[in-house]
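Accompanying notes for the structure given below.
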Amino acid sequence: MSEKYKLAILGASGNVGRLLLDILIKRDFPFESIKLLASKRTAGETITAKNGQSFTIEETKHDSFEGIDIVLASAGSSVSREYADSIVKAGAVIIDNSSAFRMDQNVPLVVPEVNPEALKEHKGIIANPNCSTAPLVCILKPLADKYGIERVVVSTYQSISGAGKEAMQELEESSRKVLDGEDFEAKHINQKLAFNLVPHIDVFMDNGYTKEEVKVIEESRKILGIADLKLTCTAVRVPVMVSHCESVNIELKNPSFVKEFKEVISNNPNIRILDDPEQSLYPMPTMSTGKDATFVGRIRVDESRDNSFNLWLASDNLRKGAALNTIQIAESMIKQGII
């Protein structure tokens, strides 16, 4: 990585935008400059990275991308759609963290450990998957390659940070109100979340699934290149600030043993097996928050069905589910010489 790149972070004032800046610096990404872009409301604000370096946010305009090589976008679908053409016309590549382009057949949807070859097909736009999809496919890919996958049943337990900074603040404030015996109104998600679980993320579809659940299903099929993958999902919002967890049941086409099963999924250097029930060691949000790795445990045979296994994972949704994967995509492009 001898060449230096001019970067822009679109949506720099949000949770993921701020984290993008810190991860770029921590990983010594070869940047020449970083431009922070956000709405007019936050333009002029200063963000100080963890290394002490300060950056000033600029208002996003259609000419903001001239001279930029890579745009790391996490500003929401409507913003990405609005500026994508301007970014591409300026000669930059946009790596987009929203759902705007994920299912577009002309846009690669990429997790670098799973399908880096898809990056070669980009036409200026690359999509980053849903925050629950990214860690899931890292588990499924090596199993699909070695054994084949018959069916997957996943239930997600998603932290409030997936709904944004205001929702995080609402959970904190409403939790205090509940403890004090006060009532409150939910404004940033569809139900009161404090000391509660809500099996409703995004809007409901005609088939009874939520849009969030459909994202996990369709994105996993696209990334893995298995169009007919049998996968079902239930997505639940939980009163946790950061890190998503998933309960995953996987039916393989060919038999395996627990020891071999663990070895196969742990070949990914970003997967950490944490599975010692006797010592009460298993993945939890408190241990995955702030970490790049996805933690996997509670691995066991599903005794109700042949060739089937259960596992539990925890992953920082702002990192592998968003900012980290976005930067890994850019790193993979550089490594492959396609930017």
Side-chain angles (χ1 to χ4, degrees), residues 1-14 16-38 46-58 60-75 79-80 83-98 100-101 106-129 134 138 223 268-270 292-293 318-339:
M1 295 186 181
S2 57
E3 188 174 349
K4 301 286 186 177
Y5 298 86
K6 295 179 179 179
L7 310 181
I9 298 176
L10 180 58
S13 62
V16 176
R18 292 170 184 266
L19 189 55
L20 279 165
L21 179 60
D22 284 333
I23 294 176
L24 284 166
I25 293 171
K26 181 180 178 181
R27 292 174 73 89
D28 292 323
F29 190 93
F31 63 84
E32 177 182 327
S33 61
I34 302 178
K35 179 185 287 190
L36 302 191
L37 299 171
T46 299
I47 293 180
T48 302
K50 288 186 176 179
N51 70 343
Q53 191 173 356
S54 294
F55 299 81
T56 301
I57 298 175
E58 301 178 25
T60 309
K61 299 179 180 179
H62 285 280
D63 62 357
S64 297
F65 310 100
E66 296 298 328
I68 297 296
D69 300 307
I70 305 171
V71 178
L72 308 175
S74 189
V79 175
S80 292
Y83 291 103
D85 285 346
S86 297
I87 292 169
V88 175
K89 287 178 181 177
V93 174
I94 174 174
I95 305 174
D96 182 43
N97 194 49
S98 80
F101 306 105
N106 296 314
V107 175
L109 179 63
V110 178
V111 174
E113 303 99 311
V114 177
N115 62 334
E117 68 284 349
L119 291 169
K120 297 175 182 178
E121 306 301 322
H122 85 85
K123 298 177 176 62
I125 303 174
I126 298 164
N128 195 59
C138 287
I223 295 168
N268 182 332
N270 293 316
D292 289 344
L318 301 179
R319 288 180 176 269
K320 188 56 185 173
L324 175 63
N325 197 70
T326 301
I327 292 169
Q328 287 175 321
I329 288 173
E331 291 173 341
S332 182
M333 293 179 70
I334 293 170
K335 184 177 181 180
Q336 295 183 64
I338 52 180
I339 189 170

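Computed from a prediction, not measured in an experiment: that's the story for all the values here. All residue numbers in this chain count up from 1 along the given sequence.
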Heavy-atom closest pair, residues P30 and E3: CB-O, 3.4 Å
Heavy-atom donor-acceptor pair, Y83 side chain to T60 backbone, under 3.5 Å: yes
Heavy-atom check, side chain of V110 versus side chain of P116, under 4.5 Å: no
Contact check, side chains of Y5 and I339, non-hydrogen atoms, under 4.5 Å: yes
side-chain hydrogen bond (donor to acceptor under 3.5 Å, both in side chains) involving N270 - partner list, sequence neighbours excluded: E113
Side chain to side chain contact (heavy atoms under 4.5 Å, CB included) evaluation trace for F31 with I25: CA-CA 9 Å; F31 63 84; I25 293 171; 4.3 Å; yes
N106 to P108 - nearest heavy-atom pair and separation: O-CD, 3.9 Å
Set of side-chain hydrogen bond (donor to acceptor under 3.5 Å, both in side chains) partners for E117, sequence neighbours left out: none
Pairs flagged by side chain to side chain donor-acceptor pair (under 3.5 Å) wherever residues 89-98 is involved - sequence neighbours left out: S74-N97, S80-D96, D96-S98, N97-N128
Which atom of A127 lies closest to which atom of V107, heavy atoms considered: N-CG1, 3.7 Å
Those residues that, when tested against D292, pass side-chain hydrogen bond (donor to acceptor under 3.5 Å, both in side chains) (two or more places apart): R319
Nearest non-hydrogen partners of L37 and I57, listed with the distance: C-CG2, 4.3 Å
S332 (side chain) donor-acceptor with I329 (main chain) under 3.5 angstrom: no
Nearest atoms (heavy-atom pairs only) where A134 meets V111: CA-CG2, 4.1 Å
Closest contact, heavy atoms only, A92 versus V71: CB-CG2, 4.3 Å
Exam field: side chain T46 to backbone T56, donor-acceptor pair closer than 3.5 Å: no
Residues in salt bridge (charged side-chain N to carboxylate O under 4.0 Å, His left out) contact with E58, at least two apart in sequence or another chain: none
Any residue meeting side-chain hydrogen bond (donor to acceptor under 3.5 Å, both in side chains) with S54, in chain and number order, not counting sequence neighbours: T48
